[in-house]
There are 2 protein chains.
Amino acid sequence: MENMNIKKLAKELNLSVSTVSKALHDSYEIKAETKEKVLALAKQLNYQPNPFASSLRRNSSKTIAVVIPEIAHNFFSLVINGIESIAEELKYHVLIYITHEIPEKEEQVIRHLLNGRVDGILISSSGTSNNNAHYHELVQKGIPFVFFDRANFDVDAPRVTTDDYQAGFQATEHLIKSQCKHFAFLSLSNQMSAINHRKDGFLAALKQYQIEPSHVHIIEAGTDETLSFQIIRDFLQPLPVSLGIFSSVEKLAIQTYHICKEINIKIPKQLKIISFSNLPTAALLNPALSTLTQPAFSIGKEAALLLFQSIKNKGKIQPITTLPNVVLKSTIFIRESTKM
Amino acid sequence: MENMNIKKLAKELNLSVSTVSKALHDSYEIKAETKEKVLALAKQLNYQPNPFASSLRRNSSKTIAVVIPEIAHNFFSLVINGIESIAEELKYHVLIYITHEIPEKEEQVIRHLLNGRVDGILISSSGTSNNNAHYHELVQKGIPFVFFDRANFDVDAPRVTTDDYQAGFQATEHLIKSQCKHFAFLSLSNQMSAINHRKDGFLAALKQYQIEPSHVHIIEAGTDETLSFQIIRDFLQPLPVSLGIFSSVEKLAIQTYHICKEINIKIPKQLKIISFSNLPTAALLNPALSTLTQPAFSIGKEAALLLFQSIKNKGKIQPITTLPNVVLKSTIFIRESTKM
DNA sequence: GAAGAGTACGAAAACGATTTCGTAATTAAA
DNA sequence: TTTAATTACGAAATCGTTTTCGTACTCTTC
């Protein structure tokens with residue numbers, strides 16, 4: 001009596017396997033009385049259908065994958081929370097894959113998922129813009145997927161992003177109005193959509209306020225921790241006068257704080273900084289960090305909702321409609337780190 | 001030609017399905033030449049075995065589950081990173097389930113996983129000590145699982161924890177030597193193993209230094225955010241003189257910081273605080289937070305290693321040995337928040 | 001040159017569900 | 001009363017693998 005299965009259950013009930021299966025799925029073919037008996041014994045014997053047999057036959061896994069660059073990051077953890085809240089409700093399972101910002105790793109994961117292990121995928125891209133073959137293979141295979149935050153705009157897939165351009169513009173305008181004279185944009189790489197939109201907003205604001213181009217600095221710090229520390233440190237020595245930093249990601253802002261502490265640069269006196277961030281401690285930092293905060297939980301929720309929608313519509317003829325493209329608003333929090 | 005499968009592959013090769021399967025698994029029964037042909041065509045046609053058919057037949061899923069109370073938490077994200085590093089290496093997949101600190105939710109997840117969806121489970125318990133029936137069902141079903149951080153000590157399963165008692169003792173001793181007169185322990189609940197061990201260390205230190213019992217406060221703040229804010233706020237008004245707080249989890253320390261800011265309590269002058277925490281910004285807070293930091297990544301790694309070991313040994317006769325019980329050391333960082 | 005061992009493959013069962021199809025028995029319609 | 005429809009179930013195919021077993025064929029060995 002190791003494991004319960006539908007065959008033993010049927011035997012116990014003196015019914016055929018097919019009848020039991022139909023009863024468990026509440027089929028109209030089975031009369032109420034029989035259904036009750038089946039349900040009762042199934043519960044009593046603690047019967048749970050084998051998920052693999054079921055997936056094999058039905059060709060659906062009740063599982064989605066989340067592919068993210070990293071997880072030890074407030075933004076992504078919050079997004080996962082949002083995703084999970086929806087998946088849990090729909091009784092879907094959530095597989096996590098971490099690419100560590102390595103495009104090849106992402107390709108490998110995506111290619112693996114072509115085997116049908118999941119019904120859909122949520123992706124925050126680590127890919128470079130010149131490589132999207134793996135996304136197209138997903139399209140070809142008909143596996144639904146949705147981009148969130150970092151999208152690939154050359155691929156026809158739903159997207160959930162934030163108003164990165166506007167937020168970038170707003171943050172930069174704030175720095176300008178705080179009397180900064182030099183402006184730096186801290187970036188991970190120039191291959192990530194969200195970050196590039198932030199940069200575009202940054203540059204647009206500087207242009208509008210006619211900031212001299214020689215006062216504008218784009219720092220690509222990269223994803224390697226040690227290296228990015230060095231790059232930022234080098235940039236800050238010697239320190240440009242009245243420097244205003246707009247950090248496109250939380251991690252680089254934190255590094256900047258560490259460096260300022262180390263080489264004794266006073267924030268906000270000598271250097272002002274504002275950053276995209278979901279840090280719950282932003283207001284408690286020394287000094288409190290001005291942030292642009294994305295609605296991370298909602299991003300996860302919206303992306304999951306879009307994904308489940310396209311899973312449900314799979315195979316059906318789609319009305320020719322524009323691709324879902326949800327854009328959520330970030331919130332700006334002005335704190336001490338950009339005080340005049 | 002929708003989907004490639006082994007049958008089509010076999011037909012294409014003029015071989016039987018079984019031969020192809022054996023060739024793909026590098027069986028000794030198949031000669032090298034045939035293997036090469038098979039491998040070549042499989043690669044060319046981009047054949048990937050259906051994971052469900054495979055799991056069904058082999059009765060193994062190449063998947064593990066991670067069951068955690070919450071994810072938007074530095075500690076747990078880092079643990080997941082550690083787990084993933086091992087799983088990825090062994091080509092296992094990782095399912096995430098979040099219980100939101102609700103014991104019933106945990107039971108439900110665990111009971112679901114009895115259906116064989118995963119080969120093993122890593123658990124940081126949200127359960128109360130008086131309810132461990134679901135763990136015993138796992139044992140009965142023979143599904144390997146490992147506890148990390150928060151274990152249930154009434155259940156025979158491997159554990160990976162930290163030296164909570166010692167760390168608690170050490171932290172408290174530090175508060176005592178920093179001239180605190182009143183002492184408070186911030187706890188989520190009295191049902192969580194790790195937290196209770198920390199409390200035991202706390203109490204032991206106070207006893208050893210003969211602190212008057214009336215100067216000792218145990219604050220059970222609970223897991224509800226709004227409620228715990230209120231409980232801590234109430235405790236701090238009026239403020240006990242020379243209060244030293246030992247927070248068993250990061251979240252409560254952050255809340256304490258927020259409250260102190262709000263009602264204008266000066267840290268460390270009026271109140272000293274040390275907390276278990278994996279905050280990357282601990283040193284940047286105002287004031288910098290003294291912490292006990294757990295090796296979260298290693299905890300994840302070790303737990304995963306233990307799990308894969310017991311998955312591998314499953315079914316084999318075990319030598320009668322003591323249960324694996326890895327205890328890792330936390331590191332104490334003394335910073336401004338406990339300065340004299 | 002007969003027996004035994006080894007090599008290389010194929011047929012078919014098995015994993016545990018779901019689903020299609022067929023069919024007795026009952027009920028309703030003509 | 002005959003025919004048609006409905007109800008309630010069962011047999012068997014199916015999903016795509018893996019694995020057991022059987023068997024030709026070649027190669028040794030005495």
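Being a predicted model, the structure only gives us computed values, none of them experimental. Letters A, B, ... mirror the listed sequences (proteins, then strands); counts begin at 1.
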From C-beta outward on B:N5, which listed nucleotide comes closest to its side chain: C:dG16, D:dT17, C:dT18? D:dT17
Which part of the nucleic acid does A:T34 contact within heavy-atom distance under 4.0 Å: base, sugar-phosphate only, or nothing? sugar-phosphate
Please state how far atom NE2 in B:H25 lies from atom C1' in D:dT19, giving the value in whole angstrom units. 11 Å
Using only modelled atom types and a 3.5 angstrom limit, is any donor from either the side chain of B:R57 or the base of D:dT18 paired with an acceptor on the other? yes
Assess whether one donor atom and one acceptor atom, taken from the side chain of B:K8 and the base of D:dG16, lie less than 3.5 Å apart. no
Interatomic distance where CZ belongs to A:F52 and P belongs to D:dT17 [whole Å]: 15 Å
Just how far, in rounded Å, is P of D:dC15 from CE of B:M4? 15 Å
Under 3.5 Å, is there any donor-acceptor pair linking the side chain of A:S21 to the base of C:dA17? no
So which of A:I64, A:V118, A:V155 actually passes side chain to side chain contact (heavy atoms under 4.5 Å, CB included) with A:F145? A:V155
Any A:Y47 side-chain N or O less than 4.0 Å from OP1/OP2 of C:dA17: yes
By nearest atom, which of the nucleotides C:dC9, C:dA17, C:dG10 is closest to the A:A53 side chain? C:dA17
Whole angstrom is fine here: how far is it from CG in B:N3 over to C1' in D:dT14? 16 Å
Atom CG of A:N14 and atom P of D:dG10 are separated, to the nearest Å, by 9 Å
Choose from D:dA8, C:dC9, D:dG10 the nucleotide whose nearest atom is closest to any side-chain atom of B:I30. C:dC9
Taking the six-membered ring for Trp, is the centroid-to-centroid distance between A:Y97 and B:H93 below 6.0 Å? yes
C:dT7 P sits how many Å from B:K35 NZ, rounded? 12 Å
Candidates D:dC21, D:dT17, D:dA8 - which lies nearest the side chain of B:K22: D:dC21
Could you check which of D:dC21, D:dT18, D:dG10 has an atom nearest any side-chain atom of B:E29? D:dC21
How many whole angstroms separate atom NZ of B:K11 from atom P of C:dG10? 14 Å
Euclidean distance, A:L24 CG relative to A:I30 CD1, rounded to 0.5 Å: 10.0 Å
Out of C:dG16, C:dC9, D:dT17, minimum distance to the side chain of B:N50 belongs to D:dT17
Check this for me: does the side-chain of B:S16 come within 3.5 Å of the base of C:dA11 through a donor and an acceptor? no
Is the closest side-chain heavy-atom distance between B:F308 and B:I86 below 4.5 Å? yes
Rounded to whole Å, please give me the gap between CG in B:L24 and C1' in D:dT19. 14 Å
Sole residue of B:E137, B:E104, B:E106 in salt bridge (Lys or Arg N to Asp or Glu O under 4.0 Å) with B:R111: B:E137
Of the options D:dG10, C:dC9, D:dG16, whose atoms approach the side-chain atoms of A:S18 most closely? D:dG10
May I ask you to check whether B:F153 and B:F147 place their ring centres under 6.0 Å from each other? no
